[in-house]
Every structure is written in structure tokens, then in C-alpha cells.
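The structure displayed is predicted, hence computed values, not measured ones.
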Protein chains: 2
Amino acid sequence: MVEQNPEHLDNIFRALADPTRREMLRRLSRGGQRVSDLAEPFAMSLAGASKHLKVLEKAGLVRRRVQGRTHWCELEAARLAEVHEWLAYYKRFWSRSLDALEAALKAEDEAAKATQNKEES
Amino acid sequence: MVEQNPEHLDNIFRALADPTRREMLRRLSRGGQRVSDLAEPFAMSLAGASKHLKVLEKAGLVRRRVQGRTHWCELEAARLAEVHEWLAYYKRFWSRSLDALEAALKAEDEAAKATQNKEES
DNA sequence: ATTTTGTTCAACCATATGGTTGATTATAGT
DNA sequence: ACTATAATCAACCATATGGTTGAACAAAAT
């Protein structure tokens, strides 16, 4: 329940706070890729993409296997489970507010129906 | 399935990538607080804490109600649901790898048992 | 042996971030 | 009217971030 490894979560959240890196994760989820393949879709130098990769690696979200001169990258999704865990605590709060939203919508709907009924009668 | 509002997620993840801000959220989850109360537990100036709050607000994670000279802050957990949604896509991957981990541990265990048996015999 | 390929490294740049302090503003209390 | 309180704002500082380019390095291909 207590936050045990804040630095670690820092790294993970920071890594996720960039659209390029999130897109890289998405692509890695469809299968391992070499660094240059991973970098190719982005309007950015290879060195730039390589830096992003390092951020993902440092966060533990990507694993790299060096094979000769090519580096194979793979998604390490297990670390995302930590985010999920962190988030779990808050689930009740947003479901509560979503419930409230739902209730409000329902009430609105009822009110609308009532108005309709009045109009009909 | 596609990432519709990357900037928004950027703001949320960035806001979460700091232990002070995560702690603020945690405290807000136990009830609304005035800015100065929120700031008090941290070894930091009020202005510093106020900046953190602004980051949380910009991310939509905190709502503020100004009442006279005091500002009341409340958790806006609904935005965390977006993180949850983003995360949902990856759930299968980490449960897969956790399964793999489990299998590996089991195999290790079996191997250990086999060794023990050998040693016993 | 030379060249090409895959990748990182180092240096640099502009901007963002996390913090400070001192001034400012607006409301509340005396 | 004065003073104290709640909070932001503005200016500043050090460091981090996201990007670039050019050089370096190791492995493959010719």
C-alpha cells in the first residue's frame, strides 16, 4: 500500500511521458525489433531514437539482446504491472466519480423522460 | 486502440513522474486540502509546492475551488482512468511474461527437487 | 584489406523542470 | 485603518531533457 520504490516509479512514469517512447512500446508489443527498425518510423536521427530507447531501458520497460553488431529490443511489460498496482489504489476513486457521473446522466435522462411524459400528457 | 490524445497522456504521465506529486495525490485521496496544508508535509517552500500543484492541475488530476483567500484542492481521479485504459492494452503482455516467470520458477523448483532426490538416493 | 552497416558516444544547443527568494495581491481578523 | 494570512507571481539558478551533428567502434560483407 505504501510506495516502496519511488525512484523506480519515477523512471517508469517519466519514460511513459513521451509520445515517441509510448509509440516505441506499442511497436515492440507487436514483436522484437532492431534499434534501427525501431527508430525508422520517427522523424528523428538514429542517435535521438537511441536515447529514447535508453530511457525505456533504464525504466526496465525494454530489454536488449546484443547479437553481433545489431541490438534486438523486446518489450518488458512486467514493469507496467507496477504502474497497474500503483493505479489500483485509485480505482475506487475514479469509479466512484464515474458512478456519480453515471447517476447524474441517469437523473438527467429521467428528468428528460418526465418532461416528455408531461409533454405527452 | 489508437492513441487519441498523446499530449494529454504526456501531461498525466509527467505529473505522475515525481514522488512529491504522487504523495500529494495520495493525501488528496484522503480528502480535500487547502494549498498550504497540502504543502506543509514537504521540505519545500510553499511556492515550490504550489508549482507542483499546478502541474497536477494541468494534467487534470486535481481540481481547485477558490473560496475567499483559500484554495481547496480535490483529487480528480477520473483522469487516472485514462492511464488505466492505456495500460489495459499491455495487460496481456505482462500477464504472459508473469506466466513465463512463474513457469521458469516452477521448472527451477522441479530441478531443485530432482537434485534433492538425486542427493537423497 | 577495405568498405559498409548498426550502433553508441561526445559535444553541443535550446528549452523544460524543480527549486529558491522577494514582491505582490486579495481576503480576513483586530 | 492596520496587520496577518493564503496564495500566486516574477526573476533567478542549477540541472535535466530532447534534439542535433560528427566521430568512433565493432561486426559483416565485398
Side-chain angles (χ1 to χ4, degrees), chain A residues 3 6-28 31-76, chain B residues 3 6-28 31-76:
Chain A
E3 203 163 277
E7 254 189 72
H8 198 210
L9 271 180
D10 286 4
N11 288 335
I12 297 178
F13 279 127
R14 210 175 57 68
L16 296 179
D18 181 286
T20 298
R21 290 194 288 261
R22 287 198 303 276
E23 180 60 27
M24 283 180 164
L25 287 185
R26 191 61 61 129
R27 285 167 183 272
L28 284 175
Q33 303 222 14
R34 301 181 311 155
V35 171
S36 39
D37 293 340
L38 246 187
E40 190 271 329
F42 301 100
M44 159 188 323
S45 70
L46 178 60
S50 173
K51 274 189 176 183
H52 279 298
L53 246 175
K54 223 170 6 182
V55 174
L56 289 168
E57 240 184 323
K58 188 177 164 192
L61 293 167
V62 163
R63 200 173 347 108
R64 176 192 311 235
R65 199 159 27 89
V66 178
Q67 205 160 28
R69 67 184 169 184
T70 85
H71 297 201
W72 287 93
C73 302
E74 282 179 35
L75 179 64
E76 185 71 281
Chain B
E3 204 163 282
E7 252 187 75
H8 199 208
L9 271 180
D10 286 4
N11 287 335
I12 298 179
F13 279 127
R14 210 175 57 68
L16 297 179
D18 182 285
T20 298
R21 290 193 289 261
R22 287 198 304 277
E23 181 60 26
M24 283 181 165
L25 289 185
R26 190 62 61 130
R27 286 167 181 273
L28 284 174
Q33 305 222 12
R34 301 180 312 155
V35 171
S36 39
D37 293 340
L38 246 186
E40 189 272 328
F42 301 100
M44 159 185 327
S45 69
L46 178 62
S50 172
K51 274 189 177 183
H52 279 299
L53 246 175
K54 224 169 7 182
V55 174
L56 288 168
E57 240 185 324
K58 188 177 164 194
L61 293 167
V62 164
R63 200 174 347 108
R64 172 190 316 233
R65 199 161 25 91
V66 178
Q67 206 162 26
R69 67 184 168 183
T70 84
H71 297 203
W72 286 94
C73 302
E74 282 180 33
L75 179 63
E76 184 71 282

### Task
Quick one: which residue pairs count as a salt bridge (Lys or Arg N to Asp or Glu O under 4.0 Å) with a foot in residues 34-47 of chain B, not counting sequence neighbours?
B:R34-B:D37
### Nearest-0.5 Å distance, CG of residue A:L46 to CG of residue A:L53
9.5 Å
#### Entry: From CG (A:L25) to OG1 (A:T20), nearest 0.5 Å
11.0 Å
Sort me out a list of protein N/O and nucleotides 1-3 of chain C N/O pairs below 3.5 Å, or just none if empty.
none

### Query
Testing B:L61, B:L56, B:V55 for side chain to side chain contact (heavy atoms under 4.5 Å, CB included) with B:M24, which one passes?
B:L56
### Query
Mind checking which nucleotides bracket the chain A contacts on DNA chain D, 5' to 3', with an atom under 4.0 Å from a heavy atom?
D:dT17 to D:dA28
Just to be sure I understand the geometry, which residues of [range] put a non-hydrogen atom under 4.0 Å away from DNA chain C?
| range | result |
| --- | --- |
| residues 42-49 of chain B | B:M44, B:S45, B:A47, B:G48 |
| residues 54-75 of chain B | B:G68, B:R69 |
| residues 31-38 of chain B | none |

### side-chain contact (heavy atoms from CB on, under 4.5 Å) against A:A17, all qualifying residues, sequence neighbours excluded
B:F13, B:R14
### Task
Sequence neighbours left out, what pairs pass side chain to side chain donor-acceptor pair (under 3.5 Å) with at least one residue falling in residues 43-52 of chain B?
B:R21-B:H52
Under 3.5 Å donor-acceptor pairs involving side-chain atoms of residues 68-75 of chain B, not counting sequence neighbours:
from  : atom 1 : to    : atom 2 : distance (Å)
B:T70 : OG1    : B:Q67 : O      : 3.4
B:T70 : OG1    : B:W72 : NE1    : 3.3
B:H71 : ND1    : B:R64 : NH1    : 3.0
B:E74 : OE1    : B:R63 : NH1    : 3.1
B:E74 : OE2    : B:R65 : NH2    : 3.2

